[in-house]
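The structure appears right after this line, and notes come after that.
Below, each value reflects all heavy atoms present in this structure, side chains not excepted, and no hydrogens, waters or symmetry copies. A quick note: this is a predicted structure, and the numbers were derived from the prediction, not measured. Sequence lines set the chain letters: A, B, ... in the order given, protein chains first and strands last, and positions in each chain run from 1.
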Amino acid sequence: MINKLISLKEETIKSLGDLSDQKSLSEMRTRVLGRKGELTTLLRTLKDFQPEERSAIGKLANEIKVDLESRFDSREKFFIEELEQRDLEKEFIDVTLPGRRHGFGKLHVLNVVTAELIEVFSGLGFQLAEGPEVELDYYNFEALNIPKDHPARDMQDTFYFSENVVLRTHTSPVQIRTMEKSRPPVRIICPGKVYRRDADITHSPMFMQIEGLWVDRHVSLADLKGVLTAFVEEYFGVGIGLRFRPSFFPFTEPSAEVDIQCVICGGSGCRTCSFTGWLEILGSGMVDPALYGFVGYDPEVYSGFAFGMGIERIAMLKYGIPDIRSFYENDVRFLRQF
Amino acid sequence: MLVSLNWLKEFVETDKTAYEIAEHLTMGGIEVESVTHVGADLKTVFTARINEIRRHPNDERLAVVQVGLRDRVEEIVCGAPNLKVGDIAALAVVGTELAGGLRVESREIRGVASPGMLCSEKELGLGEDSSGILILDPDTSPGLPLGSALTYIEDYILETSVTPNRGDCLSILGTARELAALIGARYRKPAFEINETEENIDSLLSIECQAPDLCPRYVARMLKGLKISPSPFEVRLKLYRAGVRPISNVVDATNLILLECGQPLHAFDYRRLAESKIVVRCCDDGEVFVTLDGAERKLPQNSLMIGDGKRSVALAGIMGGLNSEIEPLTQDVVIESACFERFGIRRTAKALGMSTEASFRFERGVDPEGSFWAANRAAFIIQQLAGGNILSGIIDVYTNPVVRSPVRVRTAKVSGLIGTDFSKDQIVSYLKRLEIVCNDMQSGEDAISCVGPSWRWDLDREVDMIEEVARVHGFQRIPISMPSGKIKPDRSQTLYKRARLTAEIMKSSGFNEIVSMSFIASGLCRELGLIEQDEKQLHIINPLTEEHSVMRRSLIPGLISALKRNLNFKSDSLRLFEIGKIFTPVDGGDLPREDLVMSGITCGVRFPDNWHYNRGEVSIYGKVEARPETDFYDVKGAIENCLDGLGCENYMFQTSDKGFLHPGKSAMLHANNHSLGFLGELSPKKVREIGLTGKIQVFEILLEPLLVEYRKKVVFKPLPRYPHVERDLSILVETNCSGDDIKHLISRLGHDIISSVILFDLYRGESIPAGFQSMAFRIRYQSEDRTLTDAEVQEVHSHVIESVSKRFGASIRD
Ligand SMILES: [Zn+2]
């Protein structure tokens with residue numbers, strides 16, 4: 001009996017290896033392990049043995065059953081996976097083709113650059129302030145220390161709606177409006193559209209500016225240098241040189257133009273920087289005490305700095321765009337590059 | 001201003017190169033925009049004496065000129081009209097590259113060989129005159145390269161950009177003085193001596209100033225018996241390189257002085273001054289005056305004029321008159337060296353649209369103390385160039401000499417504002433370099449009493465002096481520090497960020513953001529029907545073009561023109577949007593209302609060039625549309641995305657009556673009973689009128705209320721704990737039935753157990769009677785407090801079926 005069991009096991013194991021598909025496997029499983037299968041048939045004769053023999057044979061038979069079951073299972077699993085693999089190989093798609101998209105637009109590069117600049121200055125402690133684009137002459141000029149008939153008005157050729165209403169020529173009126181309604185410390189950044197009566201390759205009658213103002217006790221020119229140096233390092237990269245040189249703006253005293261090392265040629269000289277190695281990027285200075293008179297701040301107590309730059313200029317440098325007009329032509333071949 | 005380095009070095013002692021000087025000036029606040037090396041490329045041009053002139057054998061318009069160099073002669077063919085034996089000319093030999101790009105070749109001209117070319121100043125790039133060859137001064141030695149014979153030819157031209165507060169640097173002397181202060185070098189003003197005749201100016205001329213506030217000082221000198229002729233080449237070149245056209249010796253001399261010291265001068269022909277008199281006065285009302293450029297000008301009120309005994313002879317500080325101009329036969333001249341007040345000149349020049357070398361300087365402030373010196377200098381130079389006698393005496397009308405009050409400059413304030421410590425001595429030493437007079441304060445406080453020099457009208461406050469300290473010290477040497485301040489929460493960006501979020505959402509819906517001009521053509525909004533005929537617009541008084549003459553009341557015109565531009569460049573499927581302001585005039589207010597709006601436009605197909613969708617979509621008519629056009633629902637979907645993303649609620653879309661939109665395919669967006677804007681297909685008529693074809697969708701909505709007012713407050717709702725049951729409802733209704741109405745009706749009938757209603761199918765194709773459509777809704781039944789029984793659901797669902805049939809005349813489909 002024991003021999004019969006062992007030989008059944010061995011024969012089964014042997015023929016299991018010869019099987020080639022799932023169907024014959026399941027037939028064989030029924031033949032050997034099924035209710036009327038060979039193992040069961042064999043065990044029916046168990047009752048003819050002595051009880052002590054019976055238990056040993058029963059134990060062995062059970063072991064063989066468990067062993068064979070697991071062999072059938074793993075063989076079956078092999079067949080299933082093999083079949084699946086063959087099916088997968090037939091289901092080939094071209095993974096290099098574009099995915100299913102419903103189109104994706106682009107944001108205007110000037111708005112993107114504005115957002116980046118706001119983020120940098122926000123990190124330096126500035127709050128956002130905005131104001132009207134159609135502005136009173138008072139806020140655009142008078143309160144910024146630019147009286148009528150001042151030659152500084154030539155620096156900003158203006159669109160007029162009436163004697164005292166203009167299209168703002170800079171975002172500086174927002175500074176006056178903000179100071180009028182709040183006390184120091186004032187730390188604001190003012191982005192927005194501004195307008196000057198000028199149109200050529202470097203001038204658009206409408207363009208965008210961002211200006212900053214910081215007024216508090218004990219604010220110095222050294223602080224202005226610190227903030228703008230931090231800005232340049234953050235936006236253009238650490239190691240980009242910058243220089244401050246004296247200039248003139250009616251609303252600041254002292255005034256400084258800020259140049260950065262040419263980002264195109266690295267300072268060795270190229271067409272973009274007119275072979276000077278430097279690029280003018282912003283105007284700045286200490287707020288002229290005359291302005292405090294218009295907003296009721298005591299110039300003996302407070303001092304501050306202001307700065308401003310053209311967003312187009314920054315974008316042109318960042319992306320190497322040669323013509324300011326391309327920002328406002330709205331050609332999708334341009335828009336989609338950014 | 002164009003500053004010649006050679007000229008500059010006459011007045012400041014320095015070995016620095018042009019580029020080093022440019023750097024010093026720029027870093028000192030006188031920006032040098034460019035440095036140009038000139039006259040260095042004339043190595044193959046030689047001075048040559050004209051020995052002999054013969055007529056060309058084959059062409060009577062030409063001459064064969066024998067010229068002598070140092071040790072040889074050459075025969076050159078030349079057609080110039082001003083050939084004269086004995087003159088020294090400039091000979092360009094073979095190989096010379098001329099200013100116009102022409103290369104001198106050895107060639108035969110009508111049969112006679114010419115191994116070079118006699119050149120005009122224009123051909124050499126040394127002037128504008130091309131009427132004849134350049135004749136050099138007679139004492140020039142022949143046979144030398146031009147640059148060695150005339151060392152002033154090689155030069156560097158510094159183009160400075162002078163800020164409006166620094167009129168004192170609009171001259172060579174002023175620039176030299178500034179440079180000397182910045183680099184600590186010596187500055188010397190030219191010295192000269194005048195020989196006067198016995199005849200006195202007072203016996204010949206009287207001057208009356210009726211407007212001392214507009215003309216603080218008027219100085220005059222006279223010369224008699226001079227001879228008008230062209231200036232020598234060196235003078236002409238100086239003027240040319242400064243961008244001033246040479247005319248004749250007397251006028252050139254006045255321009256030379258203007259460039260040298262910044263004092264504008266005018267020379268009158270004495271014999272043309274009626275009653276031998278000069279009167280400084282304001283113009284008559286409505287006066288018309290002919291300036292020496294020949295233009296007849298109607299003078300603005302209160303323009304300052306220079307008159308003689310009878311009439312006006314010059315527009316003060318701007319331009320002389322044709323009636324007193326220097327003429328070829330002029331012998332006696334009056335030189336005016338006056339100081340006119342800045343604002344007066346500017347008003348007149350601006351009103352007349354004129355800007356001259358003189359007005360430009362007066363507007364930026366001319367040193368009243370310099371007028372006297374300049375009058376003498378002019379007399380001296382005119383005599384050198386045109387001969388004649390200088391009359392003794394000077395007329396100087398200086399009613400109210402400018403007195404400058406001292407400015408208190410506190411050491412602590414200087415250090416505090418600049419942000420670094422300065423000693424009093426250091427401050428004084430910097431200020432003194434600028435010829436600012438510094439004295440200790442009598443009170444003994446730690447401060448200085450300062451008086452700026454007469455040419456620096458811009459220095460009258462403490463802060464002005466502080467800037468000078470910082471400037472001479474060097475901005476670059478000021479240390480870097482960070483301002484300190486209390487940190488406070490930043491709510492300032494909320495609105496801005498929401499607006500940008502809206503843009504991001506539009507971007508995800510396939511829209512490209514544009515930025516268009518805030519001003520548009522005045523007729524556009526009305527023609528498109530965006531505003532009514534009687535609605536006002538904000539007009540610009542001085543627009544650049546009619547295309548940009550009113551502030552937009554809608555962004556649609558800008559979007560249309562962007563669309564057109566892109567269609568012209570063969571981009572045919574477009575989705576564009578813009579976020580920007582529109583401007584509405586307000587009755588009785590100075591400023592218009594500015595509203596932030598978002599607008600968009602689309603055209604072309606929904607899925608351009610996308611292989612996934614190329615075989616098309618099934619339309620509601622059951623047809624496969626191969627390349628479906630972008631339609632109303634695309635735009636509405638994009639807007640709904642924004643509303644959803646912004647967290648808006650209580651909004652709805654209702655039919656629109658906008659005339660420019662397709663009546664059946666347009667809607668108004670409402671929120672809390674306010675109309676926020678429109679969306680829809682542009683009517684075929686408008687599409688034709690704007691010169692386009694196909695289907696164009698547009699929308700415009702007020703953005704700010706969406707960013708601010710209509711945001712819902714988010715309150716957490718517990719997740720459902722009991723299962724839901726879904727039932728579909730398929731009905732046949734007329735096509736004008738509103739899906740929203742059906743949905744709302746079903747929701748209302750919900751007895752608290754309908755949690756959602758979704759339209760999941762719409763069909764109008766075959767097997768559906770004309771004028772009808774099939775709609776299928778999926779209704780989800782769910783309760784918050786129990787598992788619903790079939791009977792419960794069935795009861796409500798039956799009620800829904802019944803009501804929908806009754807209310808909308810719907811028949812139920814299975
Ligand atoms: Zn460069």
Side-chain angles (χ1 to χ4, degrees), chain A residues 97 100 102-108 110-111 115 122 125 127-129 132-134 136 149 151-152 159-161 164-165 185 187 193 197 199 205-206 214 216 218-223 225-227 229 243-248 253-254 256 274 286 289 303 327-333 335-336, chain B residues 26-29 34 163-165 343 346-347 363-364 416-420 463-464 467 470-471 475-476 478-483 485 490 492-493 496 500 503 506-507 510-518 538 540-542 544 548 562 565-566 569 571 574-575 581 583 590-592 594 611-612:
Chain A
L97 294 182
R100 190 173 289 116
H102 283 205
F104 199 71
K106 290 290 171 88
L107 297 182
H108 197 282
L110 291 177
N111 290 334
S122 169
Q127 307 223 336
L128 186 71
E133 293 174 25
V134 177
L136 296 175
D149 299 320
F159 289 111
Y160 283 90
F161 297 101
N164 62 341
V165 180
R187 301 186 292 243
K193 289 176 187 153
R197 218 175 156 278
M206 178 183 94
W214 186 305
D216 204 344
H218 314 301
V219 177
S220 72
L221 193 55
D223 294 332
K225 285 187 70 173
V227 165
T229 303
R243 65 178 193 184
F244 291 76
R245 53 188 170 78
S247 187
F248 167 78
E253 185 84 12
S274 314
M286 302 306 292
S303 58
F327 292 111
Y328 299 105
E329 283 167 348
N330 297 312
D331 190 319
V332 290
R333 295 168 302 174
L335 299 174
R336 295 196 59 84
Chain B
T26 296
M27 295 312 287
S34 64
T163 53
N165 59 326
F343 293 110
R346 185 179 155 78
R347 256 193 307 275
E363 285 178 28
R364 283 154 183 79
L417 195 70
I418 296 176
T420 185
V463 68
D464 301 327
E467 177 172 55
R471 212 164 58 80
F475 279 21
Q476 281 304 90
I478 296 170
I480 284 176
S481 63
M482 274 312 242
D490 184 5
S492 63
Q493 291 191 41
Y496 171 78
R500 290 326 294 163
M506 289 305 291
K507 164 182 154 181
F511 283 76
N512 291 302
E513 188 179 31
I514 71 162
V515 177
S516 60
M517 291 289 156
S518 301
L538 197 60
I540 298 172
I541 293 177
N542 56 340
L544 273 175
H548 293 159
R565 179 189 163 88
N566 283 294
F569 287 105
S571 302
L574 294 156
R575 291 181 177 207
K581 282 179 168 178
F583 303 82
D590 274 331
L591 299 182
E594 299 185 7
W611 66 279
H612 294 284

Please assess A:R243 against B:Q476 for the test side-chain contact (heavy atoms from CB on, under 4.5 Å), listing each intermediate value before the final yes or no.
-> CA-CA 6 Å; A:R243 65 178 193 184; B:Q476 281 304 90; 3.6 Å; yes
Expected output: side-chain [X] to main-chain [Y] donor-acceptor under 3.5 Å:
X      : Y      : result
B:N566 : A:N330 : yes
A:K225 : B:I478 : yes
B:S492 : A:L128 : yes
A:H108 : B:I514 : no
B:N542 : A:Y160 : yes

Identify which part of B:A503 has an atom lying under 4.5 Å from any heavy atom of chain A, answering side chain, backbone, both or neither.
-> both
What heavy-atom pair brings [X] and [Y] nearest, and what distance separates the two atoms?
X      : Y      : result
A:S247 : B:E467 : O-OE2, 3.8 Å
B:F475 : A:P246 : CE2-CA, 3.6 Å
B:P164 : A:F248 : CD-CD2, 3.4 Å
A:A115 : B:Y496 : CA-OH, 3.3 Å
B:L417 : A:V219 : CD1-O, 4.4 Å

Any chance you could measure [X], atom [atom1], to [Y], atom [atom2], to the nearest 0.5 Å?
X      : Y      : atom1 : atom2 : answer
B:E513 : A:N111 : CD    : CG    : 4.5 Å
A:S122 : B:D490 : OG    : CG    : 5.0 Å
A:E133 : B:S518 : CD    : OG    : 5.0 Å

Contact winner vs chain A - [options], heavy-atom pairs under 4.5 Å:
options                        : answer
B:H548, B:R471, B:M506         : B:R471
B:S516, B:A562, B:S571, B:A470 : B:S516
B:W611, B:F511, B:F583         : B:W611
B:G28, B:G419, B:S481          : B:S481

What part of [X] is in contact with chain B, defined as an atom under 4.5 angstrom from a non-hydrogen atom: side chain, backbone, both or neither?
X      : answer
A:L136 : both
A:M206 : both
A:N164 : side chain
A:V227 : both
A:D331 : both

Is the shortest heavy-atom distance from the side chain of B:I541 to the side chain of A:F159 under 4.5 Å?
-> no
Report the residues that fulfil side-chain hydrogen bond (donor to acceptor under 3.5 Å, both in side chains) with B:K581, sequence neighbours left out, ordered by chain and then residue number.
-> B:E594
Derivation and outcome, side-chain hydrogen bond (donor to acceptor under 3.5 Å, both in side chains), residues B:N512 and A:R336 = CA-CA 8 Å; B:N512 291 302; A:R336 295 196 59 84; 2.8 Å; yes
Could you tell me whether B:H612 atom NE2 has more than 12 heavy atoms of other residues or ligands within 6.0 Å of it?
-> yes
If you tally heavy-atom pairs under 4.5 Å against chain B, which of [options] wins?
options                        : value
A:F161, A:Y328, A:F104, A:F244 : A:F161
A:A222, A:S274, A:G226         : A:A222
A:A129, A:P289, A:S303, A:A199 : A:P289

Decide yes or no on side-chain contact (heavy atoms from CB on, under 4.5 Å) for B:M482 and A:D223, but give the supporting numbers first.
-> CA-CA 5 Å; B:M482 274 312 242; A:D223 294 332; 5.7 Å; no
Quick one: do B:L574 and A:V332 satisfy side-chain contact (heavy atoms from CB on, under 4.5 Å)? Show the steps, please.
-> CA-CA 9 Å; B:L574 294 156; A:V332 290; 3.8 Å; yes
Salt bridge between B:R565 and A:E329, side-chain N to carboxylate O under 4.0 Å?
-> yes
Find out whether the Lys NZ or Arg CZ of A:R333 is both under 6.0 angstrom from the six-membered ring centre of B:F569 and within 45° of the ring's axis.
-> yes
